[in-house]
Protein chains: 4
Amino acid sequence: MSPRPNVSAERIPQILNAAMLVFAEKGLHQATMADVAQEVGLSKGTLYLYFTDKEALVFSVLQASLDQGYGNLEGILETDRSIKDSLLDWIQKLATQMEDTAVYLSIVYEFYALAGRKEAVRQCLHDYFVKYRKLLSSMIEKGIENGEFGRVDAALVATAILAVYEGVNVLRFTEPTDESWPLTCVRMNQLLLDSISLSSS
Amino acid sequence: MSPRPNVSAERIPQILNAAMLVFAEKGLHQATMADVAQEVGLSKGTLYLYFTDKEALVFSVLQASLDQGYGNLEGILETDRSIKDSLLDWIQKLATQMEDTAVYLSIVYEFYALAGRKEAVRQCLHDYFVKYRKLLSSMIEKGIENGEFGRVDAALVATAILAVYEGVNVLRFTEPTDESWPLTCVRMNQLLLDSISLSSS
Amino acid sequence: MSPRPNVSAERIPQILNAAMLVFAEKGLHQATMADVAQEVGLSKGTLYLYFTDKEALVFSVLQASLDQGYGNLEGILETDRSIKDSLLDWIQKLATQMEDTAVYLSIVYEFYALAGRKEAVRQCLHDYFVKYRKLLSSMIEKGIENGEFGRVDAALVATAILAVYEGVNVLRFTEPTDESWPLTCVRMNQLLLDSISLSSS
Amino acid sequence: MSPRPNVSAERIPQILNAAMLVFAEKGLHQATMADVAQEVGLSKGTLYLYFTDKEALVFSVLQASLDQGYGNLEGILETDRSIKDSLLDWIQKLATQMEDTAVYLSIVYEFYALAGRKEAVRQCLHDYFVKYRKLLSSMIEKGIENGEFGRVDAALVATAILAVYEGVNVLRFTEPTDESWPLTCVRMNQLLLDSISLSSS
DNA sequence: TATGAATGAGGGTTCATTCAT
DNA sequence: AATGAATGAACCCTCATTCAT
């Protein structure tokens, strides 16, 4: 239609990626729109063709981050393994990715901080956590039904899994040289799942 | 001796308190030195007699926060109760304080984010977590020795306790209306400690 | 001949009308080329095919406005009524239009302001006022000759008529709720023309 | 009180004067805060200690301008001369000042334009004109009472005086080389006042 | 003729920091 | 010790203008 191919579709992810990088490196506030622009290879002004605001850009980065999120949890279930093994698999995968996500963790904490002051941000994070809590919870319940787990509070365990993961991330962030964190995370969850498993521990 | 009492000693905590308030309310970056000055009732210029920098002020606030920290853990041990009960007591106390600390959590996450970019901040947080991890670890070990707990990895359990606490805080921060978080936190630790306890569960 | 009808001829008035609207609404400086483009239903780039500059567009709007001007004064004379009645007729017509021109008055004052800094604009306005001053002046003179008016300074009276109209517009602009301004304007001119009329007042 | 003398009181008029100059020279929008700052000999930032906004500065300039206004009209009355002579005296004075005020006229028209879009500005100008209209009106009435003038519509005449003055200013602004405008203005008012005077015309 | 994308200079505004008093 | 005034670097954002298609 237009004389020039519509590059909007590709520009936005480009910008988001660049922004994520720059934000992680310099911090949400220290990073300037000029920094982001330079990283994408666009001019400052062009950024504003795609995002009305720095705030809008930040928010989009948040949403893009959450869309990746904890990864494909539903897919995990579509196997014939036990719930416990499936969960541990997922956790293992998350743990393995820890290395790579470390760079972006800094932004995540800025988002958490932001959640304290911006309702929209809080809502976003809230929905995200609730979604995974529910997914995990239903898996635990399935495990209870099929006799893998005892009659535990599924929601509590689900929350615990998320909490442990988030908590380990915090601790790891202050001790990045220690490379055993992924393992620690997995072992904690093993401990947890073992403790609620019925017989074969 | 001095005609006027040296007010320096009292000024600094005054400023730190004010700064903590203002930082929590507006965010580390949105809060200006003017905001802090106004909160203490001093002029902007005077602030710089006590802190060379905004950075210095921020760092001092971080240290002051950490000095309060998780509370008196050593004191807990000086009882004749079981390790498990002592630990749960401590956790209970922490959980109870959650309500009050919520306001400041926003700064905490900004500090975490800062840790990704400022070595000094990371070091500070690191020392803090290590200190508590060691304290908890030695308690767990004492529990193993006296037969309360099985032969678990004490360091892992200690880390788990901290991780769970930190993780719950994260989740709670995005769902502040739900008031059951303190309870959730305690129950998780009960689950954890139960699972490593030998007989009497 | 050309496969497509040459739309240039119609485009320019379209653009000028749109620009006038937008300029009136937002102000000469607040109105952007994008605003104008959107109002015409063209793209920003296309605007520049018709006007080299924003300045050029503004200037064209000025000229277009002046072309409408105070309306057909010459036509007024082509009757057999007295000069005085003809003039009052014309003033009456102008006064009646006040309502409608009110919207555009805002631009007019911006043009006046511009005249203080742009020679071309001043020249334009100058020629405009001179033209009407001369027309009015010659009418007054005709009135003197045919005995309607006394031996007044025709140029002065002509200027007075214009001044009164311009002045009333200024006052009305700050008091738009009062609806008596057109009447006021007419009465002032009646007063003026009465005072220079010979007998039949 | 303060270690440094409080210069606020002198700064504000300094800034207003500078702003008036710069605004007149470059136009309300083309003039930058930096321009104004440089004119006062202050830094850009300092300007914001005294005016929250450019808008606030503009508005203050408007008010300062109006405070000077048409000059001391009340004072005129405190003589034993006739109303007519007093009024002509005042007009003469205004006319004489035309030369000096010419420079600032450009801003005045921008203010008029602004009045079309900013209620506060309109209000300001409105109050100003009303004030002088009332003053003039009461003078005319006094003239009617003491037999100087016929039973004319005092308000109409008052408005006419202002309108003529404003109108002449407009015309003069587009023909600044002609130096007879002050005279023209006076003669118009003479014509007007003569026409409403009773005997001794 | 038409346009969507891109640009970059420039303006308003903020704020950490300094300093004379 | 205390401060109010001043600074200036830096940031966000706008918008007239260009250009490849």
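Because only heavy atoms are used, hydrogens play no part in the values below, and waters and symmetry mates are left out as well, while side chains stay in. Convention: sequence-line order gives letters A, B, ...; per-chain numbering from 1. Being a predicted model, the structure only gives us computed values, none of them experimental.
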Q: Using heavy atoms to find the nearest nucleotide of DNA chain E for D/His29 and C/Leu42 separately, return the residue whose nucleotide is more 5′.
A: C/Leu42
Q) Quick one: is D/Tyr50 getting a side-chain N or O under 4.0 Å of the F/dA6 phosphate, OP1 or OP2? A) yes
Q. If pairing requires Watson-Crick or G-U wobble contacts with both distances under 3.5 Å, which nucleotide is the partner of F/dA9?
A. E/dT14
Q: Identify whether any heavy atom of A/Phe51 sits under 4.0 Å from a base atom; if not, whether one sits that close to sugar-phosphate; answer base, sugar-phosphate or nothing.
A: nothing
Q: Pick base, sugar-phosphate or nothing for A/Ala31, based on heavy-atom distances below 4.0 Å to the nucleic acid.
A: sugar-phosphate
Q: Round to a whole Å and report the spacing from CD of D/Gln14 to P of F/dA5.
A: 13 Å
Q: Using a 4.0 Å heavy-atom cut-off across all strands, classify B/Ala37 as base, sugar-phosphate, or nothing.
A: nothing
Q. For F/dT3, which nucleotide in any strand shown is its Watson-Crick or wobble partner with both distances under 3.5 Å?
A. E/dA20
Q | B/Thr52 vs B/Leu57, side-chain contact (heavy atoms from CB on, under 4.5 Å): CA-CA, chis, key distance, verdict | A | CA-CA 8 Å; B/Thr52 60; B/Leu57 176 57; over 6 Å; no
Q) What's the CE-P distance between C/Met33 and E/dT3, to the nearest Å? A) 14 Å
Q. Which nucleotide in the set F/dG4, E/dG12, E/dA2 lies at the smallest distance from any side-chain heavy atom of C/Arg11?
A. E/dA2
Q: Please report, rounded to the nearest Å, how far the C1' atom of F/dA2 is from the CD1 atom of B/Ile15.
A: 12 Å
**Q.** Earlier contact from the 5' end, DNA chain F, for A/Asp53 and B/Ser43
**A.** B/Ser43
Q. What is the distance, rounded to the nearest whole Å, between atom CG of A/Leu47 and atom P of E/dA5?
A. 15 Å
(Q) Tell me the interatomic distance from C/Ile12, atom CD1, to E/dT1, atom P, rounded to whole angstroms. (A) 10 Å
Q: From the options D/Val61, D/Val58, D/Leu62, select the one residue that forms a side-chain contact (heavy atoms from CB on, under 4.5 Å) with D/Leu28.
A: D/Val58
Q: Give, for atom OG1 of B/Thr32 and atom CD of B/Gln38, the distance between the pair rounded to the nearest 0.5 Å.
A: 8.5 Å
Q | From E/dT17, E/dG10, E/dT7, nucleotide with atom closest to B/Lys44 side chain | A | E/dT17
Q. Would you say F/dA16 has OP1 or OP2 under 4.0 Å from some side-chain N or O of C/Lys54?
A. yes
Q) Taking atom NZ of C/Lys26 and atom CD of C/Glu39, what is their separation to the nearest 0.5 Å? A) 9.5 Å
**Q.** Interatomic spacing from CZ in D/Phe111 to OG in D/Ser106 - rounded to 0.5 Å
**A.** 10.5 Å
Q) How close or far is atom C1' of F/dA16 from atom CD of C/Gln30, stated in whole angstroms? A) 15 Å
Q.
Nearest heavy atom decides the nucleotide; on that basis, is D/Gly41 or B/Leu49 closer to the 5' end of DNA chain F?
A. B/Leu49
(Q) Checking contacts here: which listed nucleotide (E/dT13, F/dC13, E/dA16) is nearest the side-chain heavy atoms of B/Tyr48? (A) E/dA16
Q) Between A/Glu10 (CD) and E/dA5 (P), how many Å, whole number? A) 11 Å
Q) Between D/Tyr112 and C/Tyr112, does the ring centroid distance fall short of 6.0 Å? A) no
Q | d(CG, B/Leu57; P, E/dC15) in whole Å | A | 16 Å
(Q) Within the 4.0 Å heavy-atom criterion, would you say C/Thr46 contacts the bases, only the backbone, or no part of the nucleic acid? (A) base
